[in-house]
Q: 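Here it is, the structure, as structure tokens.
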Amino acid sequence: MALNFAQLRAFLAVVDEGGFRAAADALGLTQSAVSHAVAALERTLGHPVLSRRGRVAPTAFGEQVLAHARAAVAASAAITDLAERKRGGARGTIRLAAPPTVCQGLLPDLLARWQQELPLVRVRVFEGEDDEVAEWLACGVVDIAVLVDPPPGSGVPIGEDDFRALLRTDHPLAALPLLDVADLADDPFLLTCCCCERYVRQAHAGHPFTPRHRVRELGTLLAMVRAGMGVSIVPGLVASTLPADLVLVPLRTRVARRLVLGGPADRQWHPAVTAMVDSVRLSPRSSGADGTT
């Protein structure tokens, strides 16, 4: 059985990118080359690893192969990059995952820093909810992630993000320096149904809480508040995409989430991941959404 890493990389790319064309773009190959690599892998293994009916997805056997393929490709990349690092610095393509508000509010500055300090490292960003990001890192879909309130580990904190009330600028409470959650009781409340929900409920602890609408997408939430349909509580990093007619007001009782950048907890980090984390650790700490460090 003559497996090779090109076949495994092609298989992983098709799974992670959701199709052969996207995988080809990610790998810098032709779609035909990716298709031939996966077909060669299936011939070598004697079983199909992908189902091509409708949306491309791993077969049951392919699911069993996935974790081993990730480990093999990651080990090969780590060995290669260790040698490259000896010859002049970290390099390689690194997959980074983070929640949407972090991608919008913190990642642009980090990406600019890494581009300057680690010019041979290419970063591909994957956006997902808190639990998705943690799962991607644990399963090897990504190499590094910004995790929300993770257990103690070897990552580096990149900020604390305070939750704030989201109001129209013409709302009677919009000019207050601070407000209590009870002050929002007269307005319909729009609840974000993603991983921020537990923080919103924490902010309402001890107060009646009956959301009028449950909204998943941030863009939808902003549009509904702009239309006067209610108010909400959101992470402070939302400020980076806030329209001019909306405002964030700090809460008197602070509720915050801790943001930590790091690699996987149960396997060796890619050398470029170590370099990225060290870059943040050795530089002045990034400010949180509330301006603290």
Side-chain angles (χ1 to χ4, degrees), residues 3-18 20-31 33-34 37-38 41 66-98 102-103 106-128 133-134 136-147 150 153-158 259-286:
L3 286 175
N4 67 60
F5 290 110
Q7 295 168 359
L8 295 177
R9 289 191 189 96
F11 169 51
L12 293 177
V14 173
V15 172
D16 293 342
E17 302 295 334
F20 284 88
R21 177 168 304 194
D25 292 341
L27 294 172
L29 300 173
T30 64
Q31 185 172 342
V34 173
V38 173
L41 175 65
L66 264 179
H68 299 293
R70 293 195 193 285
V73 170
S76 172
I79 292 169
T80 301
D81 287 322
L82 277 173
E84 294 291 349
R85 195 170 182 183
K86 281 286 188 182
R87 290 198 289 267
R91 65 180 64 206
T93 298
I94 297 300
R95 297 161 299 176
L96 182 152
V102 175
C103 288
L106 288 182
L107 271 195
D109 287 343
L110 288 175
L111 292 172
R113 175 187 299 175
W114 291 325
Q115 186 173 28
Q116 181 177 9
E117 298 181 5
L118 305 167
L120 300 180
V121 175
R122 178 186 174 216
V123 180
R124 296 186 59 219
V125 175
F126 291 72
E127 186 179 272
V133 168
W136 291 341
L137 184 62
C139 294
V141 174
V142 299
D143 309 294
I144 186 173
V146 177
L147 300 175
S154 54
V156 58
I158 60 172
L259 306 174
V260 176
L261 175 74
D266 59 351
R267 60 186 183 276
Q268 187 173 1
W269 292 6
H270 190 293
V273 169
T274 301
M276 292 163 67
V277 171
D278 287 345
S279 168
V280 175
R281 181 180 286 117
L282 298 174
S283 299
R285 184 72 57 82
S286 299

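Bear in mind that the values here come from a model prediction, so they are computed numbers and not experimental data.
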Q: Look up atom CG in Leu41 and atom CD in Gln7, then write down how far apart they are to the nearest 0.5 Å.
A: 5.5 Å
Q: Please give me the minimum heavy-atom distance between Ala13 and Leu27, naming the atom from each residue.
A: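 In terms of heavy atoms, the two residues are closest at CB-CD1, 3.7 Å.
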Q: Can you name the nearest heavy-atom pair linking Leu107 to Ala98, along with the distance?
A: CD1-CB, 4.3 Å
Q: Going by the rule side-chain contact (heavy atoms from CB on, under 4.5 Å), which residues pair with Pro264 if we only count those two or more places apart in sequence or in a different chain?
A: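 So Pro264 forms a side-chain contact (heavy atoms from CB on, under 4.5 Å) with Leu137, Asp266, Arg267, Trp269.
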Q: Using every non-hydrogen atom in the two residues, find where Leu29 and Ala33 come nearest and quote the distance to one decimal.
A: CB-CB, 4.3 Å
Q: For a quick test of reading the model, state the closest non-hydrogen atom pair linking Ala72 to Leu8 and the distance between them.
A: CB-CD1, 4.1 Å
Q: On a heavy-atom basis, which atom in Leu259 and which in Leu106 lie closest, and how many Å separate them?
A: CD1-CD1, 3.6 Å
Q: To check you understand the geometry: which heavy-atom pair defines the closest contact between Ala145 and Val133, and what is its length?
A: CB-CG1, 3.6 Å
Q: Walk me through it: do Leu261 and Ile144 pass the test side-chain contact (heavy atoms from CB on, under 4.5 Å)?
A: CA-CA 7 Å; Leu261 175 74; Ile144 186 173; 3.6 Å; yes
Q: In chain order, what residues pass the side-chain contact (heavy atoms from CB on, under 4.5 Å) check against Ala26, with sequence neighbours excluded?
A: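 Listed in chain order: Glu17, Arg124.
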Q: How about CD on Gln31, more than 12 heavy atoms from neighbouring residues, nucleotides or ligands closer than 6.0 Å, or not?
A: yes
Q: Could you tell me which residues satisfy side-chain contact (heavy atoms from CB on, under 4.5 Å) with Ala37, sequence neighbours excluded, listed by chain and number?
A: Ala10
Q: Do Val146 and Ile158 have side chains that get closer than 4.5 Å, going by heavy atoms?
A: yes
Q: Among residues at least two apart in sequence or on other chains, which ones pass side chain to side chain donor-acceptor pair (under 3.5 Å) with Arg70?
A: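 Partners of Arg70 under the side chain to side chain donor-acceptor pair (under 3.5 Å) test: Asp16.
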Q: Check side-chain contact (heavy atoms from CB on, under 4.5 Å) between Val123 and all other residues, then give those that pass, not counting sequence neighbours.
A: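 Applying side-chain contact (heavy atoms from CB on, under 4.5 Å) to Val123 gives Leu96, Leu111, Trp114, Val121, Val125, Met276.
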